[in-house]
Protein chains: 2
Amino acid sequence: MKRAKQVTIYDIAKNVQVSPATVSRALKDHYSISKETIQNVKKAAKQMGYFPNTPASSLRSKKTNTIGVMVSRINRPFISTLISGVEEVANSKGYHVFIAQSEDMTQKEISNARAMFSARVDGLIVSLAMETHDYGHFDVFLDSGTPLVFVDRVPANMAADKVVVDNYEAAFKMTQHLIEQGCNRIAHFGGAQHRDVYRLRKEGYLAALKQHNLPIDESLMIYSNLGAEEGLEMTQRLFDLPVPPDAIFSANDTAAVSAIQFAKDKGIAIPKELAVAGFNNDRLASIIAPALTTVANPAFDLGKAAASQLFAQREENDMVASNTTVLKTELIVRESSLKKGR
Amino acid sequence: MKRAKQVTIYDIAKNVQVSPATVSRALKDHYSISKETIQNVKKAAKQMGYFPNTPASSLRSKKTNTIGVMVSRINRPFISTLISGVEEVANSKGYHVFIAQSEDMTQKEISNARAMFSARVDGLIVSLAMETHDYGHFDVFLDSGTPLVFVDRVPANMAADKVVVDNYEAAFKMTQHLIEQGCNRIAHFGGAQHRDVYRLRKEGYLAALKQHNLPIDESLMIYSNLGAEEGLEMTQRLFDLPVPPDAIFSANDTAAVSAIQFAKDKGIAIPKELAVAGFNNDRLASIIAPALTTVANPAFDLGKAAASQLFAQREENDMVASNTTVLKTELIVRESSLKKGR
DNA sequence: TTTTATTACGCAACCGATTGCGTAAAATAT
DNA sequence: ATATTTTACGCAATCGGTTGCGTAATAAAA
């Protein structure tokens, strides 16, 4: 690979007969440069095929105009929608977005964090890997004063900016809905319990059970990464039980959809014999038959809020230790849980 | 936002009592540095919390160890899986991936291309926006000798490296399959026809019709962005026809799924009255009932191939003008098209 | 007309790592 | 013992913008 010589501000300077400093300023409409010079410089720049050298600029100015986003994986509707929200805000402020996937591996997350810091991103938005429970790899951002915001899968016991939804409340309402539909043996598919999102969903579920004086049965609570495969396995386990459940509240749609598939495959009637509810409201949820009752998770707004909060940090009072934004969710009732009709 | 002073190789140099040059070399195991010094330097670096300054390194070395990926949008299963393929190869070579979305807007694509070049990515992988038909914004990569590979949605009439699937053949086989199932009025949902992927799918479809002496009816071919909404509208249009089709071959699964939804909604029997086939094999395809017949599009492998080809370009003989890799697809027959059984 | 303010630009240091070239010291060869 | 090679490192320029400070020229104020 050969690289041709590239046009620099020095080339433009020579061409327009001004100093490189003037070119630099002219290109960003600095107030002290005359309109005429600005015009000349810009015209020459365009005509010569000039492209600013971002690394050079970043080195000197200590600003990269880039924010990083670290997620488990982008090929999930919820995540990619969230990222779009981040991009909307970032782009509107002239920033670009650097995306990294951990694939739910803490090691990759650590490596990604190093890379993000080395790239000197101006801010970082993070949704944690499933098993991460030590947050030391983010210290360098805190120490250096780089804005840092966690979203969705946020760390427990860490004073940091966070953006989440009302997981507890949503789970409570959903469970209550299932109870109202006549279910009294409700199972739960959860994620890693040190991950707040999943812990809170379980706690909301438990609280609803308690409030309605339903027994709590540990064998009905199963934890996994909530993938499609795991969804099938978890459902299998439930139906291997002496007394299977009459409802499943899954912490995500992916696993809930698998449960429906399992049931259809085994001839278990939904929602009559088994009501199913999910979380997120992926497109899948409305397409599967019967359509899946779920919680609308405002992915796009979560991304927007996280980015906004990130930019807010830059102007913020140093006295503010941390800030948590909670967004609202919405119960979406569909056929998969309607034993009684509305 | 305040930024604390950050550790540089100069700080390490002072600490270890060697020159910055030696630190720089030690950190990358340069052969001319003694093992002892390397150890000392690395220990000090870790202990002092050193993180390399990527912009500085990039500026001097003219290598960013980053490749760019430009796509329409990441929240599509096909695209995000493709990106994972790119990442696998890139990461294994120590490169990071910069992702940008055009949202199918040529203007955004142009702006993204500028940003990518300014960032001085070491290579660029592109899947074009739907309407892009002028490729001038990629000239700067060609001129500068930056490796450039198009994937999936590749440009027509441009001598560039490309990675695609056998769209024509796949479409031909699919259409033939529908004909064998007894369909003789087959509609087609296509994308923009200046986009090779979509043009070839249509041509494969047409070729199969011709070979089986079926009439070609322009009113049965509808073009759009193939989103979920568009899928419904297109199906509506088909059923507004005096004589509706008895099959639809859609250029993607998203629109095909919409067609099935439409049919179910209107009480049109699938596949009896209407056979439906898609393209891509998204998870949706296997979940909707009846399950969707489709073409398995090797998204992950496309990504891997594109990245491999990108890296290959760097060592390549300058005589090679361009190179096109074609990957194989596979017909996935499911209930949505099985009028006769297998 | 002299003084002060404003406008428009240049100088040169700087950001942090990389690298071609040079060299002292130690090792090996003659 | 002298010459040659190898090892291990330092010097200083360099990458391409950015920016604090200084200043000549022109305009406005006194």
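A, B, ... follow the sequence lines: proteins, then strands. Residue 1 opens every chain. This structure is a prediction, so every number in the text was calculated from the model and none was measured.
Within a heavy-atom distance below 4.0 Å of DNA chain C, the residues of residues 35-56 of chain A found are A:Thr37. Sorted by residue number, the members of residues 22-33 of chain B with any non-hydrogen atom under 4.0 Å from DNA chain D read B:Thr22, B:Arg25, B:Ser32, B:Ile33.
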Start with the C-alpha gap between B:Met116 and B:Phe138, add the side-chain angles, then the distance that decides, and say whether side chain to side chain contact (heavy atoms under 4.5 Å, CB included) holds.
CA-CA 10 Å; B:Met116 287 287 182; B:Phe138 297 114; over 6 Å; no
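Residues meeting the salt bridge (charged side-chain N to carboxylate O under 4.0 Å, His left out) test with A:Glu88, sequence neighbours left out: A:Lys304. Residues passing the ring-ring contact (aromatic ring centres under 6.0 Å, His included) test with A:His133 are A:His194, sequence neighbours excluded. With sequence neighbours excluded, no residue forms a ring-ring contact (aromatic ring centres under 6.0 Å, His included) with B:Tyr50. With sequence neighbours excluded, the residues that form a salt bridge (charged side-chain N to carboxylate O under 4.0 Å, His left out) with B:Asp29 are B:Lys42. Taking the ring-ring contact (aromatic ring centres under 6.0 Å, His included) definition, one finds that B:Phe300 meets it with nothing, sequence neighbours left out. Judged as a salt bridge (charged side-chain N to carboxylate O under 4.0 Å, His left out), and not counting sequence neighbours, the contacts of B:Arg153 are B:Asp104. Checked against salt bridge (charged side-chain N to carboxylate O under 4.0 Å, His left out), A:Asp196 has the following partners two or more places apart in sequence or in another chain: A:Arg199.
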Table please: side-chain donor-acceptor pairs of residues 71-83 of chain A below 3.5 Å, with sequence neighbours left out.
{"unit_1": "A:Ser80", "atom_1": "OG", "unit_2": "A:Arg76", "atom_2": "O", "d": "3.1"}
{"unit_1": "A:Ser80", "atom_1": "OG", "unit_2": "A:Pro77", "atom_2": "O", "d": "3.4"}
{"unit_1": "A:Thr81", "atom_1": "OG1", "unit_2": "A:Pro77", "atom_2": "O", "d": "2.7"}

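In this entry the distance linking CG of B:Leu59 with P of C:dT19 reads 12 Å, nearest Å. Here the C1' atom of nucleotide D:dT18 and the NZ atom of A:Lys62 are 12 Å apart, to the nearest Å. Per the geometry, CZ belonging to B:Arg60 stands 10 Å off P belonging to D:dG16, to the nearest Å. Residue A:Arg120 contributes atom CZ, which lies 11 Å from atom C1' of C:dC15 at whole-angstrom precision. Counting to the nearest Å, the P atom of D:dG16 and the CD1 atom of A:Ile12 are 12 Å from each other. A straight line from CZ of B:Phe117 to P of D:dG16 spans 11 Å, rounded to a whole angstrom.
Candidate nucleotides C:dG16, C:dC9, C:dA17 were compared by shortest atom distance to the side chain of B:Ile9, and C:dA17 ranks first.
Residue B:Ser34 places at least one side-chain N or O closer than 4.0 Å to OP1 or OP2 of D:dC9. Between A:Thr8 and D:dG16, a side-chain N or O to OP1/OP2 separation shorter than 4.0 Å is absent. In terms of phosphate contacts, B:Lys63 brings no side-chain nitrogen or oxygen within less than 4.0 Å of OP1 or OP2 of D:dC15.
In the helix from C:dT1-D:dA30 to C:dT30-D:dA1, the rotation axis of the first five pairs and that of the last five pairs differ in direction by 40°, rounded to 10 degrees.
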Kindly give the atom pairs (protein nitrogen or oxygen, nucleotide nitrogen or oxygen) under 3.5 Å for nucleotides 24-29 of chain C.
none

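The only member of A:Val151, A:Asn91, A:Leu310, A:Ile125 that meets side chain to side chain contact (heavy atoms under 4.5 Å, CB included) when paired with A:Val86 is A:Ile125.
The environment of B:Glu103 atom CD is dense: over 12 non-hydrogen atoms of other residues, nucleotides or ligands sit within 6.0 angstrom.
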